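See below for the structure under consideration.
In this text, all values refer to a predicted model and were calculated from it rather than measured experimentally.
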Amino acid sequence: MNSKKSMFAQWLRAAGVSLFALGAVAMAQAQNAIESVTSSMQSGAEVIRVDLTQPLAAVPTGFAIQTPARIALDFPGVTNAIGRSAIDVNQGNLRSVNVVQAGERTRLVLNLKQATAYKAEVQGKSLLISLEPVPGAALVASAPSAFAENRNRDTLPLRDVDFRLGSDNTGRVIVDLANNQVGVDIRQQGKNLVVEFTKSTLPEGLRRRLDVSDFGTPVQLVTTQQSGDRVRMTIEPKGDWEHSAYQSENQFVVEVRPRKVDPTKLTQGVGYSGEKLSLNFQNIEIRSLLQVIADFTNFNIVTSDSVTGALTLRLKDVPWDQALDIIMQAKNLGMRKNGSVLWIAPKDEINAKEKLEFEAQAAIQNLEPLRTQSFQLNYTKAIAIAQGLTGTGASSGGGGGSGTTTRILSPRGSVIAESRTNQLFVSDIPSRLAQVAELIQKLDVPVRQVLIEARIVEASDTFGKSLGVRLGGGVAGGTVGSNSGRPIFGNIGAIPVVTAATATTPGSALTSFTNSNFVNLPSTGVSGNGNAPGTFAISLFNSSFSRMLNLEISALEADGKGKVVSSPRVVTADQTKALIEQGTELPYQVATSSGATSIAFRKANLKLEVTPQITPEGNIILTLDVNKDTVGQATTAGFAINTKHVQTEVLVENGGTVVIGGIFELTETNDESRVPVLGEVPYLGALFRTRNRVANKTEMLVFITPKMITDRNAAR
């Protein structure tokens, strides 16, 4: 008996309470009880009076909570004599009072409207608890909750409403506001999230209902409609979710993300999110401190026999899960959570126990009987799944690389792939069979297909201009007796020969005629154009036909426009290479090793080679290789091939069009040939020069349009 009293006294010293004071409490344990709890206002402060049957030896220990606002006081050795556990007050900052008896201890909980500090003192048989006033409490309680206040006088239209996929399956609803002064109200209404934009209108093009369930986020539907002078947006999520909202300049964003639940974590959320409490203990035993945490959190705490020692702790407004973490770190303790039960023990003890459990599980797996289960595959080849289960195949990554797979089956497991019926027969322990069934359910799905259409447009615009002259004359060796000749019109090179029979006067004779060109700069035509230049010629001679002057002007102007459109298209599955080509194979001779010649062929084709990859947000990544080859000019070794080639990788939205490449060529030439000095004379110099001007433009553009034609969810 004396040993028990000594141990109890040591515990009391560890809790920081004097033996004399708690000795008086121990003497009155069987008689002391709480008779009444009342509240009143005294000198502007709120005072809660707790009347007991016997006076208290010391002020009870307690702690405060910020959210929800509470103050808890523990009365050891005191019972509840009020006859009920809940007392409604609704006066000042006090909502209600709960008096709960647990064994030989009674806890008094003050439920407040707002968190505040308190003071407690003992007066006779009563305990007076004074609450400090909260400045501006009425203002805070009546202030309306809104995301942003409206500062616009006029009603302005919204610019755009869009939905995007964020990281970790987060759905982002993006609204482009008219300006940064638009008022925004956001609230949760039932299972939906309602956002209202005050002093705003919704254009007709934005009054729609967005079905975004295929993105895999908690958001299923986004409905936007006009409601008076407000625009109301209703976001319909599913499952367990949480949201956040922020505004940057004219863009308002609502993010809805799935709430990740970790069964081994004390409280869910980022960091420490438990209710806040305040603790002030001097040299208190670890077991007693853990009991305080258990009473506050309603968790069942089981402590190992090896958890011993004392701790001095002072915390103010700290989340309870952080407080528990601090206590365990101070004493090198570990924790395991199973439902509402917390097991706390030294870390070495926990690790040793878990090691024994894992070794026992491994031993059970080696002894557990095997089962055989068949799986019928619909879309995936059985041999590919079998290689993945045994880790003997290679898995292709999205970037075209390959990596080794990990064995899914246990060391005793085996798999048989039957290609004729496309079935798998797996033999393994039941736990691994369940994993295989879940894996096959995710892999055996229809592959989405993509239609890729390419348009190769080649346009040409040619223009050429050429102008030239030839000037010549002739002298006759005889004379003509009569002046009866006429000017002769025609080409300089085709001047008729005049003989004695053509003379107008009998007896006259023309023994010889000399004709030569002293300016010979004719038009050379336009390069690439087969038309000959037009000519205009005139010849002047005297009456005796002894002198002759010849003038010829040649000119050509050519203008041409052309366009060639090639449009290959192909359908392929997601992440599967497709090839389509059309063209001509040109033969050419090659020498063999024996010295003989053989015929080989070279392609001049239009080719489209593409590998699509559908992203989770619905866009398409294309790995493209586009060729446009044509037959060129003939050479002694065979025909040349004009090649146009584009190879790239682009990201395109579903149904969108992108220009992946283009080639533009512009050729301009200006040639002039002239007689020195005479060709530079103004106006008259045109008779002594020739000019050629050529301007050729060619352009090629490659357009790509991908479109999904099979939806995985619809097919499923």
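- At least one donor-acceptor pair under 3.5 Å links the side chain of Asn32 to the backbone N or O of Gln54.
- Between Val97 and Asn111, every side-chain heavy-atom pair lies at or beyond the 4.5 Å cut-off.
- Side-chain atoms of Thr38 and Val50, non-hydrogen and from C-beta on, never get closer than 4.5 Å to each other.
- Considering only heavy atoms from C-beta on, Val436 comes within 4.5 Å of Leu389 through its side chain.
- The two residues Arg164 and Asp162 come nearest to each other via the heavy atoms NE-OD2, 3.0 Å.
- In terms of modelled atom types and a separation under 3.5 Å, the side chain of Gln220 and the main chain of Glu236 share no donor-acceptor contact.
- Side-chain contact, Asp88 with Ser96: no donor N or O sits under 3.5 Å from an acceptor N or O.
- A perpendicular orientation is assigned to the rings of Phe252 and Phe197, their planes being inclined by more than 60° (bins at 30° and 60°).
- The shortest heavy-atom contact between Asn250 and Asn180 is OD1-N, 3.1 Å.
- With Ile129 as the fixed residue, the side-chain contact (heavy atoms from CB on, under 4.5 Å) test singles out one of Val59, Val37, Leu108, Val47: Leu108.
- Side-chain contact check for Arg257 versus Pro218: every heavy-atom pair is 4.5 Å or farther apart.
- Contact annotation: the side chain of Leu370 approaches that of Ile429 to within less than 4.5 Å [non-hydrogen atoms, C-beta and beyond].
- A distance-only check finds no donor-acceptor pair linking the side chain of Thr170 to the backbone of Glu255 [under 3.5 Å].
- Side-chain polar atoms of Ser126 and Arg49 form a donor-acceptor pair below 3.5 angstrom.
- No side-chain donor-acceptor contact under 3.5 Å links Lys331 to the backbone of Thr308.
- Summarising the geometry of Pro346 relative to Val307, their closest heavy-atom pair is CD-CG2, 4.0 Å, with the distance given to 0.1 Å.
- When every heavy atom of Phe299 is checked against every heavy atom of Gly339, the shortest pair comes out as CE2-O, 4.0 Å.
- Leu110 pairs in a side-chain contact (heavy atoms from CB on, under 4.5 Å) with only one of the listed residues (Asn93, Leu73, Val89, Leu94), which is Leu94.
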Practice item. Let me see the working for Lys355 and Glu357 under salt bridge (Lys or Arg N to Asp or Glu O under 4.0 Å), right down to the final yes or no. Key: CA-CA 5 Å; Lys355 181 180 179 181; Glu357 291 178 354; over 6 Å; no
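- Summarising the local packing, CD of Glu438 is surrounded by 12 or fewer heavy atoms from other residues, nucleotides or ligands at distances under 6.0 Å.
- Proximity of a side-chain donor or acceptor of Gln226 to a complementary backbone N or O of Gly228 within less than 3.5 Å is detected.
- No side-chain donor-acceptor contact under 3.5 Å links Ser200 to the backbone of Val231.
- Remark: Gln322 engages Tyr272, Val318, Pro319, Ile326 in a side chain to side chain contact (heavy atoms under 4.5 Å, CB included) (not counting sequence neighbours).
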Practice item. Let me see the working for Met233 and Val173 under side chain to side chain contact (heavy atoms under 4.5 Å, CB included), right down to the final yes or no. Key: CA-CA 10 Å; Met233 174 186 294; Val173 182; 3.6 Å; yes
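- In this structure, Phe163 and Ile174 have side chains that are not in contact, with every pair of non-hydrogen atoms separated by 4.5 Å or more.
- With contacts defined as side-chain heavy-atom distances shorter than 4.5 Å, the pair Thr372/Val426 does not qualify.
- No side-chain donor-acceptor contact under 3.5 Å links Lys113 to the backbone of Arg95.
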Quiz: residues 186-196 side-chain donor-acceptor pairs under 3.5 angstrom, not counting sequence neighbours:
residue, atom, partner, partner atom, Å
Glu196, OE1, Arg230, NH1, 2.5
Glu196, OE2, Arg232, NE, 2.9
Glu196, OE2, Arg232, NH2, 2.7

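- One N or O on the side chain of Asp428 and one on the backbone of Ser410 form a donor-acceptor pair closer than 3.5 Å.
- Side-chain atoms of Pro60 and Leu127, non-hydrogen and from C-beta on, do get closer than 4.5 Å to each other.
- At most 12 non-hydrogen atoms from other residues, nucleotides or ligands lie less than 6.0 angstrom from CZ of Arg151.
- Residues Asp51 and Ser36 bring a donor and an acceptor atom of their side chains to less than 3.5 Å of each other.
- Proximity of a side-chain donor or acceptor of Thr53 to a complementary backbone N or O of Ala33 within less than 3.5 Å is detected.
- Side-chain N/O atoms of Asn169 and Thr217 include no donor and acceptor closer than 3.5 Å.
- Nearest heavy atom pair, residue Asn150 against residue Gln181, reads OD1-O, 3.6 Å.
- No side-chain donor-acceptor contact under 3.5 Å links Arg84 to the backbone of Ile87.
- Nearest approach of Glu349 to Ser306, heavy atoms of both residues: OE1-OG, 2.7 Å.
- The pair Arg412-Glu368 does not count as a salt bridge, with every side-chain nitrogen at least 4.0 angstrom from each carboxylate oxygen.
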